[in-house]
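To start, the structure itself, in structure tokens.
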2 protein chains.
Amino acid sequence: MTSRAVRMTHSSEIPEEISGLRMTRQRQEIYRILIENRDHPTANEVFMLAKDALPNLSLATVYNCLEALVQHGIIRQVNFERESSRYCANLREHGHFHDAATGEIHDVDFKPGTDFSKFLNLPPGAVVEDIEITLRGKISTN
Amino acid sequence: MTSRAVRMTHSSEIPEEISGLRMTRQRQEIYRILIENRDHPTANEVFMLAKDALPNLSLATVYNCLEALVQHGIIRQVNFERESSRYCANLREHGHFHDAATGEIHDVDFKPGTDFSKFLNLPPGAVVEDIEITLRGKISTN
DNA sequence: ATCGGAATTGGAATAATTCTTGATATTGTT
DNA sequence: AACAATATCAAGAATTATTCCAATTCCGAT
């Protein structure tokens with residue numbers, strides 16, 4: 001009873017393979033870190049978090065793994081301004097709110113059934129494949 | 001009869017000063033290029049376009065000028081993925097549509113009166129200062 | 001005309017990411 | 001199980017956009 005996309009291993013919660021991508025120890029660990037760590041870490045932050053499980057991991061490998069996971073639609077890459085890329089295991093369609101005061105990034109879900117392109121004057125013939133919504137502001141605590 | 005924000009020079013269409021920023025020859029030229037050139041050029045593209053009017057302009061100056069213009073709200077900086085920053089003299093609130101096939105970037109106006117934050121589940125207390133909408137797709141010609 | 005602060009220049013420095021290469025590991029095939 | 005083919009990994013070099021820095025140069029106010 002192996003599902004089409006995912007094959008489970010006996011020893012771990014993370015499958016051996018996800019949507020055609022072989023889940024090596026490095027990829028598993030990096031994916032696990034992103035699942036447990038929802039604050040949109042950078043490649044370097046992932047690298048540091050992974051180091052104690054995989055002491056001789058290299059940063060290049062972190063980049064390779066993140067790239068592979070992104071390419072296979074397993075995680076998302078998030079860019080804000082010209083800062084380092086951040087990575088995110090939340091695959092729901094969502095935007096990001098950047099708290100200018102703390103630097104924190106919060107996921108922002110779209111209210112169900114919202115079609116943003118309805119509110120935009122798109123160029124004629126435009127077919128939208130992807131929409132990215134990023135908000136900047138602060139969180140007032142009063 | 002000098003207006004508060006803008007003082008005109010006799011020889012050019014571009015004011016000597018805009019919202020408190022002294023418009024030097026370099027800043028004028030760079031601003032002029034962005035007004036005439038609505039395809040969101042990069043700093044380097046601006047540099048090349050400005051070279052014949054200002055032969056000994058340096059790229060660092062282009063970056064300085066663009067930064068000054070952005071800081072004073074005279075132009076906008078636009079980032080897409082991890083590509084070079086692009087610059088844009090269109091100050092209307094708008095998003096960007098990236099044609100994946102041609103690489104072109106089209107401005108996308110918001111339909112009047114649209115409040116996008118109404119369709120987002122923002123974190124409690126969030127005060128939105130800025131919203132950025134970027135679409136990716138292609139333009140079908142049939 | 002002079003003085004001081006701002007702007008410009010050119011080159012060096014930085015930082016994130018990508019590339020390269022050789023070593024290892026994994027898979028499919030016999 | 002052995003082998004070849006392929007994929008992955010590690011380490012460091014290379015790249016690219018951007019920023020920094022120090023030395024002029026420019027401009028406006030006195």
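As a basis for the values below, the full set of heavy atoms in this structure was taken, side chains included, without hydrogen atoms, waters or symmetry mates. Naming convention: chains lettered A, B, ... in sequence-line order (proteins, then strands); numbering from 1 in each chain.
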Considering only residues two or more places apart or on different chains, which pairs with a residue in residues 96-120 of chain A satisfy salt bridge (charged side-chain N to carboxylate O under 4.0 Å, His left out)? A:Arg92-A:Asp109
Contacts of type side chain to side chain donor-acceptor pair (under 3.5 Å), residue [X], not counting sequence neighbours:
X        : value
A:Arg82  : B:Ser85
B:Asp130 : none
B:Asn64  : none

So if I define the base as every atom that isn't primed, P, OP1 or OP2, how would nucleotides 22-30 of chain D read as a B/S/- string at a heavy-atom cutoff under 4.0 Å? -----S---
Can you tell me the distance, in whole Å, between the [atom1] atom of [X] and the [atom2] atom of [N]?
X       : N      : atom1 : atom2 : value
B:Asn64 : C:dG10 : CG    : C1'   : 12 Å
B:Lys51 : C:dG10 : NZ    : C1'   : 13 Å
A:Leu21 : C:dT26 : CG    : P     : 15 Å
B:Arg27 : C:dT8  : CZ    : C1'   : 10 Å
A:Gln26 : D:dA11 : CD    : P     : 11 Å
B:Asn44 : D:dT19 : CG    : P     : 14 Å
B:Phe47 : D:dT18 : CZ    : P     : 14 Å
B:Leu66 : D:dT19 : CG    : P     : 10 Å

If the condition is side-chain contact (heavy atoms from CB on, under 4.5 Å), which residues does [X] pass it with, not counting sequence neighbours?
X       : result
B:Glu93 : B:Phe110, B:Ile131
B:Gln71 : B:Glu67
A:Asp39 : A:Asn37, A:Pro41

Contacts of B:Cys65 and A:Ser84 projected onto DNA chain C by closest heavy atom; the upstream (5') one is B:Cys65
Just report the end-to-end axis angle for the helix from C:dA1-D:dT30 to C:dT30-D:dA1, five pairs per end, to 10 degrees. 30°
Taking OP1 and OP2 of [N], is either one under 4.0 Å from a side-chain nitrogen or oxygen of [X]?
X       : N      : value
A:Thr24 : D:dC9  : yes
B:Ser85 : D:dT18 : yes
B:Arg82 : D:dA17 : no
B:Tyr63 : D:dT19 : no

Go through the steps for A:Ile33 and A:Tyr87 under the test side chain to side chain contact (heavy atoms under 4.5 Å, CB included), then give the verdict. CA-CA 10 Å; A:Ile33 284 168; A:Tyr87 298 87; over 6 Å; no
Can you tell me how far CD of A:Glu132 sits from NE2 of B:His98, rounded to the nearest 0.5 angstrom? 8.5 Å
What distance do A:Ile75 atom CD1 and A:Arg27 atom CZ have between them, rounded to the nearest 0.5 Å? 11.5 Å
Side-chain donor-acceptor contacts of residues 134-142 of chain B below 3.5 Å, not counting sequence neighbours, with atom names and distances?
{"unit_1": "B:Arg136", "atom_1": "NH1", "unit_2": "A:Glu129", "atom_2": "OE1", "d": "3.4"}
{"unit_1": "B:Lys138", "atom_1": "NZ", "unit_2": "A:Glu129", "atom_2": "OE2", "d": "3.2"}

Strictly below 4.0 Å, heavy-atom distances to any atom of DNA chain D: list the hits from residues 54-61 of chain A, or just say none. A:Asn56, A:Leu57, A:Ser58, A:Ala60, A:Thr61
Under 3.5 Å, which donor-acceptor pairs do the side chains of residues 45-56 of chain A form with other protein atoms, sequence neighbours left out?
{"unit_1": "A:Glu45", "atom_1": "OE1", "unit_2": "A:Thr42", "atom_2": "N", "d": "2.9"}

